[in-house]
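A, B, ... follow the sequence lines: proteins, then strands. Residue 1 opens every chain.
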Number of protein chains: 2
Amino acid sequence: MFTEYGKTLRMIRKQKGITLERLADGVCSVSFLSKFERGESDITLGLMTRLLENIMMNFDEFLYIHHDYQPDKLEQFFKTTQSAYLNRDVDQLRKLKDVQLKKWKQYGVETYHYNALLIEVYESIVDKDYIDKGVQESDIRLLSDYLFRVEVWGYYELMLYNGTLLLLHPDLVIMLSRTAYEKSARFRDYAKVNDAITSVLFNTIVFLIGPVNRFHEEFTYQKEISEFFGYLETVAIPESNLIERVYLLQLKGAYDMRTGKIEVGTEKMNQAIELLKDLNSTKMANNMEQFLMQIKQFL
Amino acid sequence: MFTEYGKTLRMIRKQKGITLERLADGVCSVSFLSKFERGESDITLGLMTRLLENIMMNFDEFLYIHHDYQPDKLEQFFKTTQSAYLNRDVDQLRKLKDVQLKKWKQYGVETYHYNALLIEVYESIVDKDYIDKGVQESDIRLLSDYLFRVEVWGYYELMLYNGTLLLLHPDLVIMLSRTAYEKSARFRDYAKVNDAITSVLFNTIVFLIGPVNRFHEEFTYQKEISEFFGYLETVAIPESNLIERVYLLQLKGAYDMRTGKIEVGTEKMNQAIELLKDLNSTKMANNMEQFLMQIKQFL
DNA sequence: ATAATAATTGTCATATAGTGGAATTTTATT
DNA sequence: AATAAAATTCCACTATATGACAATTATTAT
C-alpha cells in the first residue's frame with residue numbers, strides 16, 4: 001500500500017536490539033512508529049531524519065539496506081547500462097532503452113528521454129547496423145542543450161555527459177568538459193561525484209588524444225589537453241587515490257607517444273603497468289599492456 | 001519552522017531550470033510542491049523519493065547539498081573526532097565529548113553515550129593526566145556489550161569499534177573483529193562501509209602485531225593474524241583499490257619483521273614506500289618510511 | 001503454570017500533509 | 001509600455017500523518 005520503508009526500519013531496529021519506545025523517544029509517539037513500521041502509514045521526512053539520527057544511521061545506508069543491499073536506482077541504471085555496453089550486448093541495451101522510453105512516455109519526465117539517448121549512444125557504437133543512421137543530430141542537440149542549461153552539475157549530469165561525449169564534436173567536448181569541471185566544483189569532497197569528475201576529465205583527454213590508428217597523423221589539441229591534465233593534477237586526485245594516479249601516469253605516457261616522444265611515453269606506460277603488477281592487479285595490468293601494444297602497432 | 005528540505009529542493013530545481021509543474025508531474029500537486037518548497041509544510045518520505053527520482057538525484061546527494069555541501073552529521077562526527085585525536089587536541093576532544101554527553105542526557109538516547117565513550121578512549125590515549133585512571137572498566141563493558149548485541153554491523157558500529165579497539169584485551173579484539181567481519185558481510189558492495197571493514201581488519205592486525213618497542217619479544221598471535229590477513233585478501237580488496245593493496249604490502253612486511261624475517265620484511269616495506277613515491281604520494285611515503293625506521297630502531 | 005512486567009497494537013481525536021482551481025505575480029513578446 | 005503566456009501563490013477543502021491512552025500480546029521471573 002505505502003512505501004515499505006517502515007518495514008525496513010523495523011528490521012534494522014530489531015537487529016540492533018532496540019525497542020519501539022527507545023527509537024521513538026523524543027521523536028514521535030510509540031503508537032505511530034508501530035503503525036509506520038507495519039506499513040500502515042507513510043512518514044514525514046523530518047521525522048524520518050530524526051529517527052535515523054537516533055540509531056546513528058544515515059539515509060544512504062538506510063536506503064541501501066532498504067533496496068536489499070543494492071545501490072539506488074540511479075546508480076544501478078548507470079551500472080547496468082555500462083555493463084551492457086562493455087559486454088557489447090545490443091539486445092540488453094535495447095531492452096534498457098525501451099524501459100526508459102516507456103517511462104518517458106508514461107510520466108512525461110524529460111530526464112527519462114535523456115537516459116534513453118545515452119543508451120542510444122552506446123547502441124550506435126556497439127551495433128554495426130547502426131553506423132549508417134547514427135544518433136540523430138537533434139537528439140544530440142537536446143542533450144547538450146540540457147547540459148549547458150543546468151547551473152550545477154551533479155552525479156547525474158556528469159555521468160550522462162561521460163557516456164555521450166564520444167559522439168560529440170571535439171570543440172563541443174572541450175567546452176562541455178570545461179563546464180563540467182567548473183559547474184561541479186562544490187562536490188570536490190563528495191567521493192562519488194568527484195570520481196565522476198575525474199572520469200570525465202580522463203575521458204576528455206583520451207578523446208582528444210584521438211583513436212590509436214591516427215597516432216602517426218598531426219594533431220592540434222596540445223593546449224587543451226594540458227589544460228585538462230592541469231585540472232586533474234591540481235584538484236581532483238588526493239594522495240590516497242592511487243588508481244587515479246596510475247591512470248594519470250599511463251595517460252601522460254600515451255600523450256607523450258602521441259606527440260612523438262616515443263621513448264619517454266613508453267617508459268611511463270611501462271611504469272604504470274609495473275606498478276599494477278607489483279600490487280597483483282593483474283587484470284588491469286593486462287589491459288594496459290594491451291593498450292600499449294596497440295599504440296606501438298600503429299607507429 | 002519545518003525542516004528546510006523544501007528550500008534546498010527549490011534551489012536545485014531552479015539550478016536545473018525545471019518548473020514546479022514539471023517537477024510535480026505525476027507525483028504531487030503543484031500547489032503543494034510550492035508550499036513545501038517555501039518551507040510551509042513538511043513532506044512525506046514517499047513523495048520526496050519520487051520527486052528526487054524525477055530529477056535523477058539520489059537522497060545522499062540531495063542531503064549533501066542540503067547540508068551546504070558537507071557530509072552528514074554522522075560522518076562529520078567521526079571526522080572531527082578523529083582529526084582532534086590525530087592533532088592530539090585534548091580541549092577539542094573534551095568539547096566534542098561534552099556535546100555528546102549533553103545529547104545523551106537531553107534525549108536519553110544511548111548511542112550518544114557510546115559516542116562520548118569513544119571520544120573518552122581517544123582522550124585517554126592523548127592526555128597524559130588520564131593515564132592513571134584510564135577509561136572505566138564498566139564503560140568498556142557497555143560498549144562491547146552493545147557491539148556483541150547488534151546483529152548486523154553497519155557504518156556506525158564499525159567506526160565505533162575501530163576507534164575503541166586499542167583499549168580492549170587482545171582476546172576480546174580477536175572475537176569482536178571476527179564478529180565485525182562476519183556481521184557486516186552484506187555491505188561488501190557499499191564502498192563507505194567496506195572501507196570501514198577494511199580499516200577494522202588493518203587496525204586489528206596492527207594491534208595484534210603489537211607496539212614497535214616489543215618487536216624483540218616473543219609473540220603468540222601468528223595464527224590469528226594470518227586469519228585476518230586472509231579476510232583482507234580474499235574479500236575486501238578489489239583490483240582497483242590500490243591504496244589498500246599498498247597498506248597490505250606494508251603490513252605484511254611489518255609482520256615478517258615481527259616474526260624475525262627481517263630482510264624479507266624490510267624489502268616488502270621498502271617496495272610499498274617506493275610505489276607511493278613513484279606516484280608522488282610523498283606524505284604517505286614519508287609516514288611509512290618513518291614507521292620502518294622506528295621498527296629498525298627497536299631490533 | 002502463573003503472575004508481573006515489558007513491548008506492541010488498536011481506537012479515536014486532531015493537526016497537518018496534500019488537492020483543485022482561482023487569483024496573483026513573473027517573464028517574455030511586440 | 002501593454003499584452004499574453006507561463007509560473008507561482010492563495011484559499012477552501014479532503015485525506016492522512018501523528019498523538020494520548022486503553023487494550024492486547026510477548027517476555028521474564030518466580
Touch class at under 4.0 angstrom, heavy-atom based, for Arg22(A) against every strand present: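 The answer is nothing, as Arg22(A) stays clear of every strand by at least 4.0 Å.
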Touch class at under 4.0 angstrom, heavy-atom based, for Ser34(A) against every strand present: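 The answer is base, as Ser34(A) lies within the cut-off (heavy atoms under 4.0 Å) of a base atom.
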Parallel, tilted or perpendicular: ring planes of Phe228(B) versus Tyr231(B), cut at 30 and 60 degrees: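 Ring orientation of Phe228(B) relative to Tyr231(B): perpendicular.
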Tyr5(B) and His66(B) aromatic ring geometry - parallel, tilted or perpendicular at 30°/60° bounds: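 The rings of His66(B) and Tyr5(B) sit tilted, inter-plane angle from 30° to 60°.
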What's the [atom1]-[atom2] distance between [X] and [N], to the nearest Å?
X: Phe36(B); N: dT16(D); atom1: CZ; atom2: P; value: 19 Å
X: Leu23(B); N: dT8(D); atom1: CG; atom2: P; value: 10 Å
X: Ile18(B); N: dA6(D); atom1: CD1; atom2: P; value: 18 Å
X: Glu37(B); N: dT9(D); atom1: CD; atom2: P; value: 8 Å
X: Lys7(B); N: dT9(D); atom1: NZ; atom2: P; value: 12 Å
X: Arg13(B); N: dA7(D); atom1: CZ; atom2: P; value: 10 Å
X: Glu21(B); N: dG21(C); atom1: CD; atom2: C1'; value: 13 Å
X: Arg10(B); N: dA7(D); atom1: CZ; atom2: C1'; value: 10 Å

Divergence of helical axes at both termini of the helix from dA1(C)-dT30(D) to dT30(C)-dA1(D) - five pairs an end, 10° steps: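 Computed angle between terminal axes is 50°.
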Cation-pi check, Arg188(A) onto Tyr181(A) ring (under 6.0 Å, within 45° of axis):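 Judged by the rule (NZ or CZ under 6.0 Å from the ring centre, within 45° of its axis), Arg188(A) counts as positioned above Tyr181(A).
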Derivation of the salt bridge (charged side-chain N to carboxylate O under 4.0 Å, His left out) call for Glu110(B) and Arg22(A): CA-CA 9 Å; Glu110(B) 203 57 20; Arg22(A) 184 129 130 26; 5.7 Å; no
Partner set under salt bridge (charged side-chain N to carboxylate O under 4.0 Å, His left out) for Glu224(A), not counting sequence neighbours: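 Per chain and number, Glu224(A) pairs via salt bridge (charged side-chain N to carboxylate O under 4.0 Å, His left out) with no residue.
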Single hit among Trp153(B), Phe207(B), Tyr156(B) for ring-ring contact (aromatic ring centres under 6.0 Å, His included) with Tyr161(B):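 Exactly one candidate clears the test, Trp153(B).
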Name of the residue among Tyr146(A), Phe77(A), Trp104(A) meeting ring-ring contact (aromatic ring centres under 6.0 Å, His included) with Tyr114(A):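 Among the candidates, only Tyr146(A) passes.
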Given dT8(C), dT9(C), dT9(D), the nucleotide with the shortest approach to the side chain of Lys14(A):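 Closest nucleotide to the Lys14(A) side chain: dT8(C).
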Value rounded to 0.5 Å, distance of CZ in Phe62(B) from CD1 in Ile12(B):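 It is 5.0 Å, given to the nearest 0.5 Å.
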OP1 or OP2 of dT8(D) under 4.0 Å from side-chain N/O of Arg38(B):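 For Arg38(B), the contact criterion (side-chain N or O under 4.0 Å from OP1 or OP2 of dT8(D)) is not met.
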Donor + acceptor pair across side chains of Tyr190(A), Asp60(B) (<3.5 Å):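 There is such a pair (donor and acceptor under 3.5 Å, judged by atom type) between the side chains of Tyr190(A) and Asp60(B).
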Distances for protein N/O vs nucleotides 18-21 of chain D N/O pairs under 3.5 angstrom?
unit_1  : atom_1 : unit_2   : atom_2 : d
dT18(D) : OP1    : Thr44(A) : N      : 3.4
dT18(D) : OP1    : Thr44(A) : OG1    : 2.7
dT18(D) : OP2    : Thr44(A) : N      : 3.2
dG19(D) : OP2    : Ser29(A) : N      : 2.6
dG19(D) : OP2    : Ser29(A) : OG     : 3.2
dA20(D) : N6     : Ser31(A) : OG     : 3.0

